[in-house]
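A short write-up of the structure that comes next.
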Amino acid sequence: METSEIILSGDTAGIEWRLPVLRFKGSDPKVPKVYIQAALHANELPGTALIHFLCEMLREAEKAGQILGDITIVPHANPIGAAQSHFGELQGRFDLGTRTNFNRDFPLISVRERDGLVENLDQYGVVDRLKRQLMHMALGCDLVIDLHCDDESLQYAYIDDAFWPEAADLASALDMEAVLLSDGESSAFEEAVGYAWKHEVAGDKKALLPGKLSVTVELRGGRDVYPEMAKKDAAGLFKFLASRGAIETAVALGPFTGPAVPLDNIEMIRAPEAGTVLFHRNIGEKVGEGELLATIITRPGMADGTVEVRAPQAGLIVTRSSERLVRRRADLMKIACASASKAARKPGALEN
Ligand SMILES: [Zn+2]
């Protein structure tokens, strides 16, 4: 394992960020190259824990001469966000200076323009420099895995249609509980990487990208950071890398049997009014149409002081909010359903 650091000078005097990058050199240039990062949203740590144990396994594989494809790993992709504390609370999702989501506004370019990502970096603020460096590394690879987590959540992934169903092997290897098939229409890291590959040839947008993968894996909820869980996830990802030929070891993957639904089939359950939310149902549960999901106490103590939130259609509860005081229109749950939601959805990501 080789280690290096990318140095990012801050936008104010006296500040410098250091981004550790770990590399395993592959012996076979013909097999896929791999890029893995975690904690782009700086307080999403299940992936960082996974990577810690994955690297243990990869060092063993390296000793045994089994690393065939180059593997580049950024265990914590966002030192800028990790240092942002606002009145004692870590703010890892949005850059406080520009109010932009650390996982949006990645450059939408062709992979042919990859080198330009790291040219004249001085003209960009530090967050954009970070994004450009990450994307530059990813676009040098074939399999790109961005490890995130949701709030309270099952393990699931956002996978662009362009990689499906080939990517069912990743879902199987990681034992995912659901796959959300996305449209590739956002500027999130994973989708910007897919965009660059789709637009490799000028004027000819590819619909399918066989042999490639760029994916956002949601490794359950923000607090699901435990040694056994992280070791199991690391073993799963190791198996996936072996099955795609990046590591020389025999693996057998079963078929993925969980639900794989388009984003249009996700019911985003929102709070109709502000108040104290009492959840009746939990993640992992299947609900029927019209079933009670939550009661919101809108006027505590009053006889008519509650409103009910019910399931618009049957489905699997994939995520749930960890907040208990909710604002009007706050996201309460994501439910994966068999049919499209009647609620209008803009193309792109489900959440800001
Ligand atoms: Zn995230």
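Both ligands and their constituent atoms are indexed starting at 1 by order of listing. This is a predicted model, so every value here is computed, not measured.
Ion pairing between Arg59 and Glu62 fails under the 4.0 Å rule for side-chain N and carboxylate O. Between Asp151 and Lys334, none of the side-chain N atoms (NZ, or NE/NH1/NH2) sits under 4.0 Å from a carboxylate O, so this pair counts as no salt bridge. By the 4.0 Å N-to-carboxylate-O rule, Glu152 lies close enough to Arg324 to be salt-bridged with it.
Below the 2.8 Å limit, the Zn ion (ligand 1) has as protein N, O or S neighbours His41 ND1, Glu44 OE1, Glu44 OE2, His148 ND1.
Listed by first then second residue, pairs satisfying side chain to side chain donor-acceptor pair (under 3.5 Å) with a partner in residues 166-181 read Asp169-Arg244, Asp175-Lys232, not counting sequence neighbours.
Arg93 places a side-chain heavy atom less than 4.5 Å from the side chain of Asn101.
With a 6.0 Å radius and a threshold of 12 heavy atoms from other residues, nucleotides or ligands, Glu89 has its CD atom at or below the threshold.
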